[in-house]
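The structure appears right after this line, and notes come after that.
Chain letters run A, B, ... following the sequence lines, proteins first and then strands; every chain starts at 1. Note that the structure is a prediction, hence the values are computed from the model and not measured.
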There are 2 protein chains.
Amino acid sequence: MPHAAAATPQLLRRVNAQAVLRHIRGVDVATGSELMALTGLTRASVIAVCEDLISRGWIVEVDQPRTDPDNPRKGRPARRFAFNREAGVVLGLDIGAATTTAAVADLRGTVIGRSSESFRAEDIPAQERISVIDLVCRQALEAAGTGPGRVLAVGAGIAAPVDRDGNVLVTQRFWSLFDVGLRSALKDLHGWTVLLENDANLAALGERWRGSGAGVDDLVVLLAGERLGAGVMESGRLLHGRGGAAGEMGFLDMVEGVGSSDGIAALARRWSAADGGPSAGGPASAPRVFEDAAAGDTAALAILDRMSERMARVIASIASLINPEQVVIGGAVAESAGALLPGITAALPRFTATPPRVTVSPLGDAIVTVGAVRHALDYVEANALDLAPAG
Amino acid sequence: MPHAAAATPQLLRRVNAQAVLRHIRGVDVATGSELMALTGLTRASVIAVCEDLISRGWIVEVDQPRTDPDNPRKGRPARRFAFNREAGVVLGLDIGAATTTAAVADLRGTVIGRSSESFRAEDIPAQERISVIDLVCRQALEAAGTGPGRVLAVGAGIAAPVDRDGNVLVTQRFWSLFDVGLRSALKDLHGWTVLLENDANLAALGERWRGSGAGVDDLVVLLAGERLGAGVMESGRLLHGRGGAAGEMGFLDMVEGVGSSDGIAALARRWSAADGGPSAGGPASAPRVFEDAAAGDTAALAILDRMSERMARVIASIASLINPEQVVIGGAVAESAGALLPGITAALPRFTATPPRVTVSPLGDAIVTVGAVRHALDYVEANALDLAPAG
DNA sequence: TTATTTTAGATACAAGCTAAATATATTGCC
DNA sequence: GGCAATATATTTAGCTTGTATCTAAAATAA
């Protein structure tokens, strides 16, 4: 029996409750009349919906604001309904090869606790890795003054392909074992729902939420540190592809003037070493190269030129096939990468007929955790009426 | 006032009617009990919905089938509701630079009329172009034994970027003028709703519907005749990008071993000319090259090898960034391209870590019109309850 | 105090669905 | 042909959610 969800009268309440909740979440506090105007429902219905949401814990009724002499309101004072941002928290995880960072946020996305730990080594057993991740989560929750019982969802980013259903591509070495462990481990330990995603995809979510891609529906975020990786949003949705490998940059091996999917930091080291170093004497770190260039060092400036053209070619390849409105360069090197922007922007039209706007992420290291928080919030918002707010 | 669609009790009927109609469209004829099992609704509701759909003209009640002695059915005979595939027709247009083809289909997608005309020249004025298109439509409708009044929607494919809203990228030369003309012209002439799309995108719709990509959600169709162009579906949705230019192949200019976005037919001519021709004596058409190769001609075979590797590189580039499950080669050269498949499949793993299945389209020249019909049907199905079937 | 304004709450009713009882049309058996 | 069994159809009462309308309450302004 296929049983394709029949629409019963209860669906109406569900739909209207979702609409009201979404609006209240957006404005933080609303009156019945505002909600009537928004939804087109009558007052009776709006009030009924709000009482419903109050009893479920998603909104609370707040006192009248003290009467404001500058802006006196006629008429009977309205009841005021506020989004209960303390109905629970979400966790955003950035699980790297070397380090894991956790951020705890309330339901409006304000980060209220953080923690970070490095792994003892890269090849530690899955069990130890999970222990460290669990530790980071608990530390972050403690820093936020809350506990595991109040977590409504966990977003987690890893540097491996993850498909639409949150499964790690099995062809990847140790991650596959690790993944299965993480989701069920956190479920078993705390009852948490873990939403696994590729880190570049989460970066795209984060950038669109609180970065330079705010509100852009066709957005690509390039994580450009050690290795290039792209998170692609089209029409406001993340692209995954069949096995979650969308946004992988292996094809750059074949692109003239690019030749590899090495990131900006990796290349800065290599190229400065080849030059004998910007101030001579071996490879320099990426920040050093950018510093030297800012100071006028010609060798460093040449590296920047070369890097700009290379990035322009990378971005043009993506722009041609995906046609984003904007490409954001993010990751560890994002701040320095600002120096590349003029060069990239100038070179782009040579390589593509549809050059996107190019910007640099303001989110820094937090880009993945911000996206992970957003991912978890999206889940909570979409499933609010099926989730029991933690009391 | 934002007025975000309130859910009234009428919405329930709408949702349930959509579900019932979708199911009946799939199975062609259904009984009340089947629909109860499918939707989970009670018989009373199912019957009410069906009566509704009958009065709107979307379904019809059909007589009992003559009692079948091999399979006698106990109990009171069920009323049988059938999809009214003759509630109207849709038009699918393939508007090329040189030729326009129209297909008329009933609401189950069976093509019941076709027509095709060439333009007098490529640079004729927009007005003349529209006249020819209109003529082709009317001829196809006549061939189908129906008339303009019964057209519920028109899908139209053109070889230019078209954004999500059906607007042609304004940077394109004469198309922009042409487009505005086409949509409003057909609206004015016949009251038709025209859904403009990029031809490769429609090819992808067609291939997923009735081609070798049936049911594949992450699918790329490469139109590979004169110029390469891709229609990309991810998670069952067409990718457009900001200005509709997603799937453009300009970046191939930068890809080693590819170098241009020339199609198979164009390259077969050029390469055979460079060789002095497969049987000597100047350039040969693509079909000729494939023929000669099949006959064992070594020069032609060499061209095929070269072509296979080149296509493998093209497909690998896309596979890396988009990660489709399958890539279909379509367009005028599709039939001959079968000879390239073994070579492409063998070469792919050298160029990408996520090689897709590669096939050749069985739809031949009709690939765009089939997709255009599907596009129009999608529109009709999504908007059935707001559309008045043509009586 | 009194009028005005805005929101709140209560009552009557409509749309759509469920559930349960009753009616109808067919098969199969005597 | 008559009757049980079976599957479907139809009717009736009741639930949920919504609208529409009327009256009450709480504030400002004169």
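Within residues 51-61 of chain A, no residue has a heavy atom under 4.0 Å from DNA chain C.
Checked by atom type and distance alone, the side chain of A:D165 never pairs as donor or acceptor with a backbone atom of A:N167 at under 3.5 Å. Side-chain atoms of B:R56 do not come within 3.5 Å of backbone N or O of B:P389 as any donor-acceptor pair.
A salt bridge links A:E381 with A:R374: the distance from a Lys NZ or Arg NE/NH1/NH2 to an Asp or Glu carboxylate oxygen falls below 4.0 Å. The pair A:D52-A:R14 does not count as a salt bridge, with every side-chain nitrogen at least 4.0 angstrom from each carboxylate oxygen.
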Encode nucleotides 5-19 of chain C as B, S and - characters from 5' to 3', where the letter depends on protein heavy atoms closer than 4.0 Å: B to the base, S only to sugar-phosphate, - to neither. BBBBS------BSB-
Assess the residue pair B:D217 and A:R242 against the criterion (salt bridge (Lys or Arg N to Asp or Glu O under 4.0 Å)); give the C-alpha distance rounded to whole Å, side-chain angles, the decisive distance to 0.1 Å, and a yes or no. CA-CA 8 Å; B:D217 281 344; A:R242 165 68 174 180; over 6 Å; no
Where do A:R164 and B:D218 land on the salt bridge (Lys or Arg N to Asp or Glu O under 4.0 Å) test, with the steps shown first? CA-CA 12 Å; A:R164 277 186 271 282; B:D218 300 291; 2.4 Å; yes
Would you check, one step at a time, whether the test salt bridge (Lys or Arg N to Asp or Glu O under 4.0 Å) holds for A:E34 with A:R80? CA-CA 10 Å; A:E34 282 168 34; A:R80 291 155 48 82; over 6 Å; no
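None of A:V20, A:V46, A:I54 except one satisfies the side-chain contact (heavy atoms from CB on, under 4.5 Å) rule with A:F81; the exception is A:I54.
For the 3.5 Å distance criterion, the side chains of A:S45 and A:R13 fail to qualify, holding no donor opposite an acceptor.
Summary of helix geometry: the two end axes of the helix from C:dT1-D:dA30 to C:dC30-D:dG1, each defined by five base pairs via their C1' atoms, are inclined to each other by 10° (rounded to 10°).
In this structure, A:L152 and A:V380 approach most closely via the heavy-atom pair CB-CG2, 3.9 Å.
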